[in-house]
Structure formats: structure tokens, C-alpha cells
Amino acid sequence: LDAWVTPPVYTGLAPIVLADGSEAVGAGAESFRALSVPERSELIVRTHAPQGETVTLTTSRDGSPEAKTIEPKQGGSEGLVEFNVALTEPVSADVKIGGQTVSKWRFDLIKDEAPTINLMGTPTTTPRGALRLVFRADDDNGVANAEARFALGEGEERNIAPLPAEASAKVEADPLLEPPVMPLQLPRANAKRVDGKATQDLSAHPWAGLKVRMTLIARDQAGQSGQ
């Protein structure tokens with residue numbers, strides 16, 4: 001029996017070996033292990049059953065009397081049985097060969113927290129009038145990217161929206177009036193803590209001189225965002 005847990009690539013963690021083929025199989029040799037693994041990890045179980053022994057893997061959630069039977073992976077070599085289970089919630093997994101439990105594992109999940117990002121001081125301008133931001137972003141597994149987004153302040157729409165020539169005329173959206181987006185360059189990719197600076201000249205944008213709301217957004221490798 002070979003079994004291991006593969007954490008998500010972005011965690012940078014090595015696979016966790018549960019069984020390496022050296023364990024005895026049979027009555028009295030059953031093993032049990034409880035461990036915590038990163039959220040979105042994958043459990044992989046492989047075993048050989050050359051004599052056609054029945055191999056099953058079932059999972060069950062806390063407090064649930066019902067067990068879910070996992071279907072083996074198709075297309076493997078003769079006698080090889082492989083199971084793949086995405087660990088998206090705390091579960092127990094039970095491997096049986098010929099109806100006899102050989103290994104049982106209990107998995108608790110280490111939650112992947114969403115990133116956080118904050119301004120480190122009041123925004124300033126360069127001598128040429130470009131916007132300058134100093135920010136800090138944090139994530140338990142590394143910050144993938146960050147940006148600043150802008151929205152018009154309350155009542156500012158009337159200062160840029162063209163008035164229709166007739167009451168029934170429609171004001172078409174002007175692509176130049178799309179809200180600006182300011183990428184926040186990260187000094188180091190996928191760092192758990194990022195102290196960064198960003199500068200961008202927005203003086204040519206039609207919103208220049210208007211009151212706006214700025215929101216900083218950071219994302220991690222799992223696609224989660226925080227602001």
C-alpha cells in the first residue's frame with residue numbers, strides 16, 4: 001500500500017507520506033493516523049491486487065453515519081488500483097483490502113486565508129504629478145498580484161457625463177471614462193509579506209481632478225482576494 005497527500009503547489013510544501021509500501025497488511029496490522037493538511041490538498045492511494053482482491057476506499061464526514069465510496073481511477077496497469085480524493089472538507093478515509101481495513105486516516109484542514117492589503121501612509125504625488133502609493137500585503141501562502149481600483153465619488157458623475165441633446169437621446173458609454181486600474185508591482189513574487197511602492201501618472205484620465213474612492217486589492221494563487 002502506497003499513500004500520500006499532495007498539498008497545493010502554491011503552498012511550497014512537500015508531499016506527506018502516509019504509507020510507503022513497507023507496512024504489513026492483514027489482521028492486527030491496521031494503522032490509524034490523524035493529521036492536519038492544507039486546504040485543497042489531494043489524497044492519493046495506490047495498491048496492487050494481483051489476485052483480484054477487492055480494494056475499496058471510503059470517506060466520511062464528522063458526525064455523518066454515511067460513508068462515500070470513492071471510485072478507483074481508470075486506465076491503470078493490471079492489478080494496480082489507484083484512488084484520488086480532493087480534500088475540501090475534514091474527512092476520515094478508510095482503505096480496505098478483501099474487506100479488511102488496512103489503513104485509516106483522519107484529515108483536518110488548514111484553512112487557506114484570503115490575503116490582506118493596506119496603505120502604509122497617505123497617497124502622495126511625484127514632482128511630475130504622478131500618484132505614488134506605499135502598501136503592505138500579506139498572505140499565508142504568498143501574494144500573487146495586487147492592484148488599485150478607482151470609483152467616482154458621490155455626485156461626481158454629473159461632472160463628466162455628457163448631457164443628451166434631446167430628452168429621448170441616449171448617452172453612450174465612453175471607453176475613455178472606464179475606471180482606471182493601477183497595477184501594484186510586487187518586489188518579490190509569491191512572498192508571504194510584501195512591502196511595495198507603486199507610481200502611475202493618471203493626470204491624462206478624464207477623472208483627473210475629481211473626487212474618487214480608491215480600493216486596494218490583493219490576490220493569492222488560489223484566486224482568493226482581499227481588500
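Along the sequence shown, the residues carry numbers beginning at 1.
Here the shortest heavy-atom pairing between Ile70 and Phe83 reads O-CE2, 3.3 Å. Here the closest non-hydrogen pair linking Lys192 and Val143 is O-CG2, 4.5 Å. Of all heavy-atom pairs between Pro38 and Pro7, the closest is CG-CB, 4.0 Å. Listed here is the closest heavy atom pair of Val17 and Arg33: O-NH1, 3.0 Å. Scanning all heavy atoms of the two residues, the minimum distance from Val37 to Leu35 falls at CG1-CD1, 3.8 Å. In terms of heavy atoms, Ile117 sits closest to Gly226 at CG2-O, 3.8 Å.
Using cut-offs of 30° and 60° on the angle between ring planes, the pair Trp105 and Phe107 is tilted.
Between Val5 and Leu18, some side-chain heavy-atom pair lies under the 4.5 Å cut-off. Using a 4.5 Å heavy-atom threshold, the side chains of Pro115 and Ser225 count as separate. Here the side chains of Thr199 and Thr126 are in contact, with some heavy-atom distance below 4.5 Å. Between Arg61 and Glu89 there is a side-chain heavy-atom pair separated by less than 4.5 Å. Two residues are said to be in side-chain contact when any heavy atoms from C-beta on lie closer than 4.5 Å; Asp94 and Leu57 fail this criterion. Under the 4.5 Å side-chain criterion, counting only non-hydrogen atoms from C-beta, Gln200 is not in contact with Leu131. Looking at heavy atoms from C-beta onward, Leu119 lies in side-chain contact with Leu133 at the 4.5 angstrom threshold.
Going from atom CG of Asn141 over to atom CD1 of Ile110 covers 9.5 Å, rounded to the nearest 0.5 Å. Note: Lys96 NZ to Thr47 OG1 = 15.5 Å, rounded to the nearest 0.5 Å. The distance from atom CG of Asp139 to atom OH of Tyr10, rounded to the nearest 0.5 Å, is 9.0 Å. Here the CD-CD distance, from Glu113 to Glu39, works out to 8.5 Å after rounding to the nearest 0.5 Å. Between Asp195 atom CG and Arg136 atom CZ the span is 4.0 Å, to the nearest 0.5 Å. Note that OG of Ser60 and CD of Glu66 are 10.5 Å apart. Values are rounded to the nearest 0.5 Å.
Partners of Glu82 under the side-chain hydrogen bond (donor to acceptor under 3.5 Å, both in side chains) rule, at least two apart in sequence or in another chain, are Arg46. Checked against side chain to side chain contact (heavy atoms under 4.5 Å, CB included), Thr6 has the following partners two or more places apart in sequence or in another chain: Trp4, Ile44. Evaluation of the side-chain hydrogen bond (donor to acceptor under 3.5 Å, both in side chains) rule for Asn190 yields Gln221 as partners, not counting sequence neighbours. With sequence neighbours left out, Asp220 forms a side-chain hydrogen bond (donor to acceptor under 3.5 Å, both in side chains) with Gln224. Considering only residues two or more places apart in sequence or on other chains, Arg188 meets the side-chain hydrogen bond (donor to acceptor under 3.5 Å, both in side chains) condition with none of them.
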Ser92 vs Thr59, test: side chain to side chain contact (heavy atoms under 4.5 Å, CB included). Steps then yes/no. CA-CA 5 Å; Ser92 293; Thr59 60; over 6 Å; no

The test is side chain to side chain contact (heavy atoms under 4.5 Å, CB included); show your working for Thr56 and Val95 and say whether it passes. CA-CA 6 Å; Thr56 61; Val95 181; over 6 Å; no

Hey, mind stepping through Phe135 and Asn118 against side chain to side chain contact (heavy atoms under 4.5 Å, CB included) and telling me if it holds? CA-CA 6 Å; Phe135 63 93; Asn118 295 283; over 6 Å; no

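In this structure, Asp108 pairs ionically with Arg106, as a charged nitrogen and a carboxylate oxygen lie closer than 4.0 Å. Ionic pairing of Asp112 and Arg40 is present here: one or more N-O contacts between side-chain nitrogen and carboxylate oxygen are shorter than 4.0 angstrom.
Checked by atom type and distance alone, the side chain of His205 pairs as donor or acceptor with a backbone atom of Glu178 at under 3.5 Å.
Grouping the Ile, Leu, Val, Met, Phe, Trp and Tyr side chains by contacts below 4.5 angstrom, directly or via other members, places Val212 with Leu202. Val194 and Val134 fall into different hydrophobic clusters, defined by Ile, Leu, Val, Met, Phe, Trp and Tyr side-chain heavy atoms under 4.5 Å apart, directly or through other members. Follow the hydrophobic side-chain contacts under 4.5 Å out from Ile217 and you never reach Leu186; the two are in separate clusters. Cluster annotation: Leu1 and Val85 are assigned to the same hydrophobic cluster (Ile/Leu/Val/Met/Phe/Trp/Tyr, side-chain heavy-atom contacts under 4.5 Å, transitive).
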Please tabulate, for side-chain N and O atoms in residues 144-151, each donor-acceptor pair with protein atoms closer than 3.5 Å (sequence neighbours left out).
{"residue": "Asn145", "atom": "OD1", "partner": "Arg219", "partner atom": "NH1", "Å": "3.2"}
{"residue": "Glu147", "atom": "OE2", "partner": "Arg149", "partner atom": "NE", "Å": "2.6"}
{"residue": "Glu147", "atom": "OE2", "partner": "Arg149", "partner atom": "NH2", "Å": "3.3"}
{"residue": "Glu147", "atom": "OE2", "partner": "Arg219", "partner atom": "NH2", "Å": "3.1"}

